[in-house]
Amino acid sequence: MKQFIAILIFSAAVFSQPGERTLEVKGSGSYTTIPDLGVLTIDATVVNPKFAEAVKLLNQKTELLITQLQMTGFKKEDIKTTDFNVSKNVVWENNSNIDKGYAARQTIAVEFPNTKEKIAAIITSFMGSENDVRFSFQFIVSDEKAKQVKNELLDRAVKDAQSKAAILAAAAQQKIGTVKHILYGTMAQTPVYQTAMLKRGAADSDQASGFDVKEVSFSDEVTIVWDLK
C-alpha cells in the first residue's frame, strides 16, 4: 500500500460575533491503495433454432464453466448468475431482418483475492478450455478494507484541519480553545472513489504479468469550528 498523497484544500475563516470568536477550518485527507478483490465475469451464449434446445445447451455450457472454475479453486456456492435471458436471434441479411432461432445468454460472476497468481491460474484455465466464452476482470475494494480506509480518511482529515488551524491561529496571534462544532456527512463530503482500470500487455510465460491493476483513490473532508481564546 503506497503512502497517501495529501490533498490540502485550504479553507478557513475567523468569525467575530458579539461575545463569540471562532475559527472554522476544512480539513481533507486522501488515500491511495490497490484493490484487494477481483471480480471475474463470464458471458456464455448459445444460438439454436429451437428455444428449448438453446436453453438446454446453455445450461450444459454453464455447468462446464462451473466445473472449470472449481478446478481453479473456486467454490460452487460462490459462483453467482448475474444475468440470464433468451431472445429471438434476428440478423440482418439481404436487406431484411431474418429470424434465426433463439439466443440464450447467461452471465456468471465470482470474486477472488487480487493476486497475480490467482489471475494467472484463471487465464491459464481458459487458455486450456474449449468452452467458447467471453470473460473479463474488474477490481474493487472489499467492504472490510473500505471501512479501514474510511476510518483512516477521517483521521487524516481531522489532523489536517488541526494542523491548518494551528498555523492560522499562530499567524493571527490567536489561541485556539475548545472544539465548538465538527461538521461532516453532507453529500459533498462523501469519499470519492476512482474506478480501477485493467491494462494488458504482451503475453509471456507468466499469464498475469501483462496486467497492471490501477490504484483506487479515496478522499474525504471534515469541517471543524474552534473557539478562540
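All residue numbers in this chain count up from 1 along the given sequence.
At least one side-chain heavy atom of I119 sits less than 4.5 Å from a side-chain heavy atom of F112. For the pair L37/N114, no side-chain contact is recorded, criterion being any heavy-atom separation below 4.5 Å from C-beta on. Between P35 and I140 there is no side-chain heavy-atom pair separated by less than 4.5 Å. Two residues are said to be in side-chain contact when any heavy atoms from C-beta on lie closer than 4.5 Å; Q106 and T81 meet this criterion.
Here V91 is tied into one hydrophobic group with I98, each link being a pair of ILVMFWY side chains closer than 4.5 Å. Summarising the hydrophobic clusters (Ile, Leu, Val, Met, Phe, Trp, Tyr; side-chain heavy atoms under 4.5 Å, direct or chained), the residues clustered with V55 are V46, F51, L57, L58, F84, V86, Y102.
Distance alone, capped at 3.5 Å, places no donor-acceptor pair between the K26 side chain and the E221 backbone. For K118 (side chain) and T72 (main-chain N/O), a donor-acceptor pair under 3.5 Å exists by modelled atom type. The closest donor-acceptor contact from the side chain of K80 to the backbone of E77 lies under 3.5 Å. K76 places no side-chain N or O within donor-acceptor distance of the main-chain N or O of T67, the cut-off being under 3.5 Å. The closest donor-acceptor contact from the side chain of S163 to the backbone of K159 lies at 3.5 Å or more, if one exists at all.
Heavy-atom minimum distance, D36 versus V141: OD1-CA, 3.4 Å. Nearest approach of S129 to Q68, heavy atoms of both residues: OG-OE1, 3.1 Å.
Under the 4.0 Å criterion applied to side-chain N and carboxylate O atoms, K180 and E24 are not assigned as salt-bridge partners. In this structure, D160 does not pair ionically with R156, as no charged nitrogen and carboxylate oxygen lie closer than 4.0 Å. Of the charged side-chain nitrogens involved, at least one lies within less than 4.0 Å of a carboxylate oxygen, so that K88 and D99 count as a salt-bridged pair.
For the residue pair D227 / T22, no side-chain donor-acceptor distance below 3.5 Å is found, with atom types taken as modelled. Residues K145 and T33 have side chains that bring a donor and an acceptor to within less than 3.5 angstrom of each other.
Classified by interplanar angle (parallel below 30°, tilted 30° to 60°, perpendicular above 60°), the ring pair F135/F137 is perpendicular.
Here Y31 contributes atom OH and E215 contributes atom CD; the two are 11.0 Å apart, rounded to the nearest 0.5 Å. Taken from CG in L168 to CG in L228, the straight-line distance is 10.0 Å, to the nearest 0.5 Å.
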